[in-house]
Amino acid sequence: MTREELLSKKPLHVLEKIRENLERLNEKMEVMIELQKHGRQDSQPLTDAPLDVMTLLSMPDHLRKTAMTICRCGRATAEEVSQQTSRARAVESAYLNQLVIMGYLKKERKGRKAYFYADRDSQG
Amino acid sequence: MSKIVAVHSYKGGTGKTLLSVNLAATFAKHGKKVCLFDLDFRAPSLFAILKVENADYWLNDYLNGKCGIDKVLVDLSSIIPGDGKFFAALADPSTEAIREMSAKDRKWEMRALGRLLSLRNTLLNDKEFDYLVFDTSPGLQYSSINAIVTADFVVVATTLDRSDVDGTRRMLRELYNLFEKKTGLVMNKVLDPTSKSKRDEMDARVKNVYQVPMLGLVPCFCEVLRAEGNLIFAQDKPNHPFTKILDEMANKIDANDVN
């Protein structure tokens, strides 16, 4: 690799890192906003709540759409959900984090990506 | 395109089972690979209609996580004319099983939904089934709503009975719409439907009252009652008007032409 190539890679790498950190910050802020909405002091999510069809039925429309997509896919990132719902990734990310706080979904980080899923097996 | 079709209704006795069995048989007669599911765990009936005396595994076992779906499927292709494939997944009719299924909690129902949803992979994608037809329990209860959420298309069976109309309308608005389900209405047990003006009137009425497209209009056939559940029309009476209506319905669903 030439010196020029190395130099051109470095800023890209730094930018990528900045973007990654901004995304995490954004997610943390979304969680904080949701917690505040629910008037909760601690940052612990609610205990596991089953994402069954009656729960899906009683959800507000915007959350049901997101939750249904996770039900169908099993496990997905905000990006993948947004492709199915045709809504913005940031919007889906906010809804998904809201569903995690409500206890309906679980979130797992793998490298840069955050995966959301309904934990069907560990419950009960 | 392969699909999951749920047959549902607000009230019992609207003809769900008759429609499910015959619709599945019609798809098979048209050369498709079909599996019919008995999701009416409170009152299982397909084992009797399809004359399956005993099964090693029931659909209950699959939903309980005791076995894979392949163990549950019963191959009944020989009863259907032509090259199509006709399978059934039956609900356990024993009183003990009915009692056990009616006592399930929300977490179990959530897992059952997961197992129904995964049929899309195991049966439609891997085993190359063209159609899964779900016969459900009437009204709003877990097993039926799980089936509706899993399905691509919902056939709603209804009659002109006053006790059925309002509930069906509400169910369409407050259940299928919320899950964004494509729906087709089958008006069953219609008296004197032969005149064109009567058919047009019914069509307009369905669009006006229910705000969903009409999939089919089924006259009140005495032969259906006389058969006492012993007939699969697609198989036994190829020239009966009901068989022709079923052919049309199957073609409409197949062509995605329900408007």
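Values in this document were obtained by computation on a predicted structure and should not be read as measured data. Chain letters run A, B, ... following the sequence lines, proteins first, then strands; residues in each count from 1.
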Heavy-atom side-chain proximity of [X] to [Y] below 4.5 angstrom:
{"X": "B/L113", "Y": "A/V53", "answer": "yes"}
{"X": "A/M54", "Y": "B/I145", "answer": "yes"}
{"X": "B/L117", "Y": "A/C71", "answer": "yes"}

Atom [atom1] of [X] with >12 non-hydrogen neighbours under 6.0 angstrom:
{"X": "A/K107", "atom1": "NZ", "value": "yes"}
{"X": "B/Y210", "atom1": "OH", "value": "yes"}
{"X": "B/D75", "atom1": "CG", "value": "yes"}
{"X": "B/K33", "atom1": "NZ", "value": "yes"}
{"X": "B/R162", "atom1": "CZ", "value": "no"}

Legend entry - Residues in residues 59-69 of chain A near chain B [non-hydrogen atoms, under 4.5 Å]: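 Listed by number: A/D61, A/R64, A/K65, A/M68.
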Legend entry - Positive for side chain to side chain contact (heavy atoms under 4.5 Å, CB included) with A/D52, one of B/R111, B/K107, B/R106: B/R106
Legend entry - Under the salt bridge (charged side-chain N to carboxylate O under 4.0 Å, His left out) test, residues paired with B/D166 that sit two or more places apart: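 Once residues adjacent in sequence are excluded, the partners of B/D166 under the salt bridge (charged side-chain N to carboxylate O under 4.0 Å, His left out) criterion are B/R169, B/R170.
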Inset, instruction - Sort B/E180 into side chain, backbone, both or neither according to what part of it lies under 4.5 angstrom from a heavy atom of chain A. - result: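 For B/E180, the contact with chain A is made by the side chain alone.
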Inset, instruction - Please list, chain by chain and in numerical order, all residues satisfying side-chain hydrogen bond (donor to acceptor under 3.5 Å, both in side chains) with A/E108, sequence neighbours excluded. - result: A/R75
Legend entry - Under the side-chain hydrogen bond (donor to acceptor under 3.5 Å, both in side chains) test, residues paired with B/T17 that sit two or more places apart: B/D135
